[in-house]
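The analysis underlying the following values was restricted to heavy atoms, covering all of them including side chains, and did not include hydrogens, waters or symmetry mates. Chain A is the first sequence line, chain B the second, and so forth, proteins listed ahead of strands; every chain is numbered from 1.
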Amino acid sequence: MNTPTLQARGLSKSFGPVRANHDISFEVEAGELLCLFGENGAGKSTLSACLTGLYPPDSGKILLNGERLRLSSAADAIRKGIGLVHQHFVLVPDFTVLENIVIGSERGAIVRYAEAEAKLRRICETYEIDIEPNALVEDLSVGEQQWAELLKALYFDAKVLILDEPTATLDIENSAKLFRIMDKLKADGVALILISHFLDEVMQADKVAVLRQGEMVGIKRTSETTPEELTRMMVGRDLKPQVREATPVGAPRLVLENVTVAGQGQVPALDSATLTVHSGEILGIAGVAGNGQNPLMEVIAGVRRAVSGRISLDGVDIGAMDARAIKDLGLGHIPDDRFIQGLVRELSIEENLILGDHRDSFARRGFLDFYKIRENATRLIKAFRISAPSPETLVRNLSGGNAQRVILAREKRLATKVLLANQPTRGLDVGVIEYIYMRLLEKRAEGVSVLIASSELEDLMNLCDRIGVLFQGRLMGIVETEKTTLEEIGLLMAGRPLEDAA
Amino acid sequence: MIEITPRSSAGWKAMLAAYVLALFLGLATSSLLILASGASVADGFGALYEGAFGSRDAIMQSLVAATPLVFTGLATVTAFRAEIWSIGQEGQMFAGAMCGYWVSLYLGGTTALIAVPVIIAAAMMGGAGLGGFCGWLKTRFQVNEIISTVMLNYIVIYLLSFLLAGGPWTAEGSTSYHQTPVLAENFRLPLLLEDVKLHIGFVLALIAAAACWIIIRKTPLGFEIRALGFNPTALRFKGVNVARTVLIVMCLSGALSALAGVSEIFGVNYRLRGDVMTGLGFTGIIVGMIGGLNPIGAVIAALLFGALANGSLYMSVLSDIPPSLVPAMQGILLLFVLGAAVLVRYRVRFGKRADV
């Protein structure tokens, strides 16, 4: 057998106390497709960054065609034949495709455009990529930009090509095309590494390396495994839903009927979502982040507008109301990005605790009611165990966990009827996560309807009465936690409809 | 190794020390310039001090010169606090003065008790209209406010030129001066003192500063202005109508700038003419910045700049210092003060870099 094109031997990388990668080894042969599979934060992106020279690994080594490889930068990796197709585009919008590929990567002072263009056209022809090298990147569709990104890697004759969730921005047709191109690359002897969450894609690889919490759980040939087994490996154990205390589920409270939110391309960001959350119920939304969770939460909270459909809270149509009016009906909203959407970092804790309610509960005769603001802050800081020297401490000086407690405190106070929690535990440590879940369960006991979106499947299984799964803006199905399995949800998350899973 | 790190907030002591140092260094550098011109440094600074603070009249004149700068400074503070980079103070000041004058044409012999408030209100509406227009362009069509305000400055200033250089508002027989006829007594801002031209505009300026401070610190609108400057997305997520807030801020900023025009034209010159206002709007931007985008700070900075402007006038008359050095000195002082304003936001450490 030949020497594998790329070998990783015991790669480790830590960021402070966080072990992003620990002792990771694998190999990819020429003409082979390896898939890196794992949850958010499992260490996939760090691994690809180590392989492409973005970070030096703390220990371990990388071998290219059997030779030790030391990468000083991303440009160095490209020159040595390791290409990366980014998940997020790194293209200059007002340059042409050709310029984006050539400038900054050609050596020497003079760029030979004609030669470069000819080469690029040849590549386009070989791989049937229909793109005009002289088109401005800003005039390209999102899908075409993905092709440009791919061309960038192909232009330098990559021997190893790493694709970081390349289909996230592609529709089904273009995804299929990408896989055809990948087949051709395999035939040409390129070693491919695909990073993906989608089981359908994962199963098209030759072998799958499963990562969990920075460690390699195992490598399986796809011919010798099943999607169910891979999901189980990804999550870590065979989960049994906790026995939930039966609380009487109340009347329907939050009702969505065929709610559609426009997306950036032709594909809607949220496609005809229909769901009901009863009072005293927690409905979980599972799915890989970016599959419509934000549009769903934001359209309910009044931050975005639906293009069609109906949203009602206790029978009141809230579809046309603004966020402030909806808040007044008793809705709290923990947004996806705590420091951008949820907090003003340069304001104090007490000021952040009144954000949104500053014209209502905390205003008196046209002025801010400072007595009430301070009293509210003192009470909430204590109740939610926010550790800070004073209510006047700026939020930017808080840790992520404490910052999230500020949002939780504020929104929980407002949520007398509905609480929306969008990825409320992302990036937080276990202690804070448990605390947040405890608070959400309290709300459930009070009869509040809780809608929580999370990519932590295991947590959703423990917390929720029912779980809906979003995939590419569509609600694939809503299942009762007691009657489902992790595998079933995993399959829904990867875009397989309910009938297939049975 | 010198390590420079931003610090969360500078104490008032550090700020005071930095500004005093900046003034000192600015004057020291200016003295080199005076020396190079062959004049006596002592004479020059003596005259500067004499002109700014040397007598009761000098002090009063300094306050008069500071008045419009307080207004344009406050206009800067309100806009910049919300991170709206309006450079339209100059044009809004002109627009204010022009609207005030235009209304006065219809007021005839009404008593000052009615005429002056009407003129002030009309001026503020003019400034607010111009500022609000740029705010509307920004929120409705995403027109960058820097571009729109700067361009409208030109339009308004040249509109006044047109009106005064032989246009309908030109005083008879004075086409070469580009000015209107003298304003009737009942249109002028009442004087606070009999003998000096310190007019009620100065009191209005102090009231405006207090009002700005209260709005920014104590009201829900001010809360939104502060939050808007840092993070408009969070405001939008919490249901605040960001476009409306931008519009209000731009109207407020425009109205404040307009008061600078009223104060110069109806309080000091008693004729509408462009040259006496030129630059006061732009200086207001500097005043607002040096004042740390704080209304009280802006008043202090305006008083400093008023004194400097007034004193340098005296200096150019009484000493051998060439008049052209005065704006150079102002520029040097400005550079040092701005440098200090940046410096107090950072902590400078000498020595080995700490491991992060």
Side-chain angles (χ1 to χ4, degrees), chain A residues 16 294 297-298 301-304 321-329 331-348 350-370 373 392-397 406-407 410-411 414 420 422, chain B residues 5-12 77-78 80-84 139 142 144 210-249 252 292-295 344-347 354-356:
Chain A
N294 291 7
M297 293 295 188
E298 288 164 21
V303 181
R304 289 197 203 199
M321 290 186 182
D322 66 19
R324 186 173 161 204
I326 295 172
K327 169 212 73 176
D328 287 336
L329 290 176
L331 181 138
H333 174 208
I334 300 171
D336 173 44
D337 188 322
R338 63 185 74 108
F339 282 116
I340 292 183
Q341 299 162 343
L343 297 166
V344 182
R345 298 168 74 117
E346 291 80 1
L347 294 184
S348 66
E350 62 180 358
E351 287 173 317
N352 272 286
L353 282 170
I354 66 163
L355 195 66
D357 212 12
H358 57 278
R359 282 188 182 274
D360 305 310
S361 306
F362 297 98
R364 206 160 47 108
R365 284 187 233 116
F367 289 92
L368 291 171
D369 186 340
F370 285 96
I373 290 171
E392 290 172 62
T393 305
L394 298 187
V395 160
R396 69 165 179 209
N397 295 324
V406 173
I407 299 179
R410 180 182 72 206
E411 300 303 329
L414 297 172
L420 308 176
N422 194 356
Chain B
T5 49
R7 54 171 146 196
S8 45
S9 62
W12 67 271
V77 170
T78 42
F80 283 22
R81 235 2 210 306
E83 300 232 337
I84 301 170
T139 55
Q142 284 81 47
N144 184 307
C212 280
W213 187 82
I214 290 171
I215 288 173
I216 291 176
R217 300 296 324 173
K218 303 284 182 194
T219 67
L221 174 68
F223 181 77
E224 284 169 17
I225 290 175
R226 284 183 292 137
L228 181 69
F230 295 125
N231 186 349
T233 307
L235 276 187
R236 195 170 58 81
F237 266 72
K238 293 310 296 175
V240 174
N241 187 335
V242 171
R244 184 174 141 270
T245 311
V246 169
L247 208 61
I248 292 174
V249 167
L252 198 61
L293 298 188
N294 176 323
V344 289
R345 298 213 314 267
Y346 293 89
R347 198 188 298 278
D355 276 329
V356 184

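- Ranked by heavy-atom pairs under 4.5 Å with chain B, the list Ala363(A), Gly366(A), Ala325(A) is led by Gly366(A).
- Looking at Glu298(A), only its side chain comes within 4.5 Å of chain B, counting heavy atoms on both sides.
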Inset, instruction - Any chance you could lay out the side-chain contact (heavy atoms from CB on, under 4.5 Å) test for Leu368(A) and Lys218(B), step after step, and finish with the verdict? - result: CA-CA 6 Å; Leu368(A) 291 171; Lys218(B) 303 284 182 194; 5.8 Å; no

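- Proximity to chain B (any heavy atom under 4.5 Å) is restricted, for Leu414(A), to the side chain, taken from C-beta onward.
- For Arg410(A), the part lying near chain B is the side chain, with the backbone staying farther off; criterion is any non-hydrogen pair under 4.5 Å.
- Heavy-atom distances place no part of Ile215(B) under 4.5 Å from chain A, backbone and side chain included.
- Judged purely by distance below 3.5 Å, without hydrogens or angles, the side chains of Thr393(A) and Asn397(A) never pair a donor atom with an acceptor atom.
- Using a 4.5 Å cut-off between heavy atoms, Leu343(A) contacts chain B through its backbone alone, with no side-chain atom that close.
- Contacts with chain B were tallied for Leu347(A), Ile354(A), Ile340(A); Ile340(A) has the most, counting heavy-atom pairs under 4.5 Å.
- Closest heavy-atom contact between Glu346(A) and Phe230(B): OE1-CB, 3.4 Å.
- Residues Ala234(B) and Asn231(B) come closest through the heavy atom pair N-OD1, 3.0 Å.
- Residues passing the salt bridge (charged side-chain N to carboxylate O under 4.0 Å, His left out) test with Arg236(B), sequence neighbours excluded: none.
- Of the atoms belonging to Phe370(A), it is side-chain heavy atoms, and not backbone ones, that fall under 4.5 Å from chain B.
- Here the closest heavy-atom approach between residue Val395(A) and residue Val344(A) is recorded as CB-O, 4.1 Å.
- Residue Leu228(B) comes nearest to Val246(B) through the heavy atom pair CD2-CG2, 4.0 Å, listed as atom of the first residue, atom of the second, then distance.
- Taking His333(A), Arg324(A), Gln341(A), Lys327(A) one by one and counting their heavy-atom pairs under 4.5 Å with chain B, the maximum is reached by Gln341(A).
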